[in-house]
Amino acid sequence: EVQLVESGGGSVQAGGPLRLSCVASGFTFDADNYAIGWFREAPGKQREGVSVIGTRDGSTYYADSVKGRFTVSSDNAKNTVYLQMNSLKPEDTAVYYCTADLGTFRDGHYYFAYGMDYWGKGTLVTVSS
């Protein structure tokens, strides 16, 4: 079955970097242009989409709040997606979830609006000022 396992969360000071990893199993990235996304949920706030990447064509989409600071990438040979987070801010503090939609990739804003079919358990990122 589809499984998504995040890692790399932790505590960092504002301005610092952190890289999250998501190892996927149960499907192969290069079989189609799947959507792998990062969502986050902070206490008292609704979940929000952070970034999405197409596994075959490499299309990427970012929330306005992270543009220029976060970079999503994929290593199809490893069935792994990364989220490089730079210039972290306290407001980035949240549980970050790796997510996947196994339909053919569509406009990234679609996933931000409607969510994903598969979710990992999440990894906590805490940014202190």
Side-chain angles (χ1 to χ4, degrees):
E1 188 54 49
V2 172
Q3 188 172 19
L4 305 166
V5 181
E6 307 96 333
S7 63
S11 298
V12 298
Q13 290 191 313
L18 201 64
R19 189 177 78 158
L20 306 183
S21 299
C22 172
V23 178
S25 59
F27 67 101
T28 302
F29 280 8
D30 63 7
D32 202 348
N33 196 32
Y34 302 124
I36 307 296
W38 290 96
F39 284 68
R40 66 187 182 185
E41 185 174 340
K45 299 181 180 180
Q46 281 193 323
R47 73 184 188 192
E48 63 175 340
V50 176
S51 183
V52 182
I53 187 168
T55 58
R56 181 179 286 175
D57 70 5
S59 298
T60 59
Y61 299 86
Y62 298 93
D64 289 343
S65 59
V66 306
K67 286 180 180 177
R69 299 189 298 122
F70 291 10
T71 303
V72 65
S73 61
S74 67
D75 185 337
N76 286 13
K78 297 180 179 179
N79 244 44
T80 299
V81 167
Y82 304 96
L83 183 67
Q84 178 66 48
M85 305 183 293
N86 296 323
S87 301
L88 282 163
K89 304 174 181 179
E91 50 263 47
D92 294 317
T93 296
V95 176
Y96 284 71
Y97 296 92
C98 182
T99 65
D101 189 306
L102 301 192
T104 299
F105 191 92
R106 54 197 299 169
D107 190 299
H109 296 102
Y110 169 88
Y111 303 105
F112 284 8
Y114 295 103
M116 296 283 196
D117 294 329
Y118 298 95
W119 290 64
K121 291 182 171 59
T123 185
L124 177 63
V125 173
T126 302
V127 184
S128 60
S129 60

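Side chains are part of it too, since the values below use all heavy atoms of this structure and drop only hydrogens, waters and symmetry mates.
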Approximate separation, where rounding is to 0.5 Å, of Ser51 OG and Tyr82 OH | 15.0 Å
Show me, pair by pair, the donor-acceptor contacts under 3.5 angstrom made by side chains of residues 26-37, not counting sequence neighbours?
| residue | atom | partner | partner atom | Å |
| --- | --- | --- | --- | --- |
| Asp32 | OD2 | Thr104 | OG1 | 3.1 |
| Asn33 | OD1 | Thr55 | N | 3.3 |
| Asn33 | OD1 | Arg56 | N | 2.8 |
| Asn33 | OD1 | Asp57 | N | 3.0 |
| Asn33 | ND2 | Asp57 | OD1 | 3.3 |
| Asn33 | ND2 | Asp57 | OD2 | 3.1 |

Taking Asn79 for the side chain and Ala24 for the main chain, is one N or O donor matched with an acceptor at less than 3.5 Å?
-> yes
Do other residues, nucleotides or ligands put more than 12 heavy atoms under 6.0 Å from Arg106 CZ?
-> no
Nearest 0.5 Å, what's the CD-SG distance between Gln3 and Cys22?
-> 10.0 Å
Ile53 reachable from Leu102 in the ILVMFWY side-chain graph, under 4.5 Å edges | yes
Check Ala94 against Ala42 and note the closest heavy-atom contact, atom names and distance.
-> CB-N, 3.9 Å
Going by chain and number, the hydrophobic cluster around Val95 (ILVMFWY, side chain to side chain under 4.5 Å) further includes Phe39, Val52, Tyr61, Tyr97, Phe105, Tyr110, Tyr111, Phe112, Tyr114, Met116, Trp119, Leu124
Interatomic spacing from CG in Leu18 to OG1 in Thr123 - rounded to 0.5 Å | 8.0 Å
N/O donor-acceptor pairs under 3.5 Å from side chains in residues 5-14, not counting sequence neighbours:
| residue | atom | partner | partner atom | Å |
| --- | --- | --- | --- | --- |
| Glu6 | OE1 | Lys121 | N | 3.3 |
| Glu6 | OE1 | Gly122 | N | 3.0 |
| Glu6 | OE2 | Cys98 | N | 2.8 |
| Glu6 | OE2 | Gly122 | N | 3.1 |

Once you round to the nearest 0.5 Å, how far does CG of Asp64 lie from CD of Glu48?
-> 10.5 Å
Nearest heavy-atom neighbours spanning Leu4 and Ala100 = CD1-N, 3.7 Å
Using a strict 4.0 Å threshold on nitrogen-to-oxygen distance, state whether Asp92 and Arg40 make a salt bridge.
-> yes
Quick one: closest heavy-atom pair of Met85 and Leu20, and the distance?
-> CE-CG, 3.7 Å
